[in-house]
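Please read all numbers here as calculations on a predicted model, not as lab measurements. A note on names: the letters A, B, ... follow the listed sequences, proteins ahead of strands, and every chain is numbered from 1. Side-chain atoms are counted along with the backbone in the values below, which use heavy atoms only and exclude waters and symmetry mates.
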Amino acid sequence: MSGLSEDEDRGVALMLAFQAGDDQAFDHIVAEYEGLVFGTLRRLLGPSGWVEEMAQETFIRLYRVRERYSPASKLSTFLCRIAYNLALNRIRDEKRRPSGGLRVGPEGEEMVVADAGERLAPEDDADASDWAGLVERGLQELPENQRAALVFQHYDGLGLAEIGEVLGISPKAAKSLLHRARENLREYLQPYKDAEQD
Amino acid sequence: MPNKTEDWLNSALDAVPSQPAPFGFRRDLRDRLVREGLCTESIEAPAGRFHRFVSPLLSAAAALLLIAVGYQLGAGEGSHVATVIDSGGSIAEADLIDLYEMREVIDAWDLAEDAALERAFAALDETWVEELLATEEY
């Protein structure tokens, strides 16, 4: 594991201990990686109300499939892959659901969401100065694989090989995907940036 | 707004805050693991760990504090040292003030949940304890 940082080494060590039957190691894994999992899911799913349930499911899956983990991968990469697959299934379920602008949250509650493509002009958008909100909206406009590639790279610190591992593509394809993601997000945000400079 | 360099997109991405896990997430997760039969033990929240550490000690001390308090009241002495007899018959001396302060901690953490502790705390509510606390020594 010479190529791994100290934190990554710790993740591997915790996972190996968990595989060996140390149940407390799982608690440490949750404590150390819950932020990564929540952040990733929040950015993949947007403000959907499903984040907590999906985060719980991510760690449940980790518990169930712990034997499949290989120390050749960082634990963060392994967790990102689980979270991504769960998020992708959730997004696909949502797309299949006839919503008419309404989505159902984990408790069965109705959640109003903006229709794709429904976008105010920057000068009419009251939240145009809220860059966090704008970026989140822009991320949601990206295709899922582009969004995931960008989230994994920018927020989770994954390299091209690791992004490829999570998405099931080659590092070269991951690089191309990232390029398209950045260009598309830049295009989405550019009008707001221009409006701000005027 | 992010800076105006060519890399403004990275700055824009940095504007999105991280998402902390909500309070109680780990406990809920462990409860679900138990419900699904994956493990048998519930996770201990920090308060739970504290309770596990403190409770046996305080339960033993406080439950038998009744005896100690009775002894003190019966003897009518001004001493603040209580004789505590544990369930194994061992005799030890405990400072009533220490026990009283532990009760404050227990109350603050809302951990008093067994009947023995409640009875012991009720005994500690006797006015003579308050008088003792009000003395110059404390």
Query raised in the report: Most heavy-atom pairs under 4.5 angstrom with chain B, which of T40(A), V30(A), I60(A)?
Result: I60(A)
Report task. Indicate the atoms forming the closest heavy-atom contact of E53(A) with R32(B), along with that distance. Result -> O-NH1, 4.4 Å
Report task. Flag the pair D27(A) / R26(B) as yes when at least one side-chain heavy-atom distance between them is below 4.5 Å, and no otherwise. Result -> no
Query - Separation between CG of L185(A) and CG of L9(B), rounded to the nearest 0.5 Å - result: 5.0 Å
Query raised in the report: Is chain B contacted by the side chain of L150(A), its backbone, both, or neither, given a heavy-atom distance below 4.5 Å?
Result: side chain
**Report entry** Pairs of heavy atoms under 4.5 Å with chain B: top-ranked of A31(A), A55(A), G138(A)
**Finding:** A31(A)
Query raised in the report: Is the shortest heavy-atom distance from the side chain of W8(B) to the side chain of Q190(A) under 4.5 Å?
Result: yes
Query - Y63(A) and C39(B), any side-chain heavy atoms less than 4.5 Å apart - result: yes
Query - Distance (rounded to the nearest 0.5 Å) between L33(B) CG and R64(A) CZ - result: 8.5 Å
Requested in this report: Measure the shortest side-chain to side-chain distance between V16(B) and R42(A) over non-hydrogen atoms and say whether it is less than 4.5 angstrom.
Outcome: no
Query raised in the report: Is any side-chain heavy atom of W131(A) less than 4.5 Å from a side-chain heavy atom of S11(B)?
Result: no
Query - Side chain / backbone / both / neither for R182(A) at chain B, heavy atoms under 4.5 Å - result: both
**Report entry** Donor-acceptor under 3.5 Å (Y155(A) side chain, L13(B) main chain)
**Finding:** yes
Report summary line: Output for pair (L29(B) CG, E34(A) CD), nearest 0.5 Å, gives 9.0 Å
Report task. Measure across A15(B) and A132(A) and return the closest heavy-atom pair with its distance rounded to 0.1 Å. Result -> O-CB, 3.2 Å
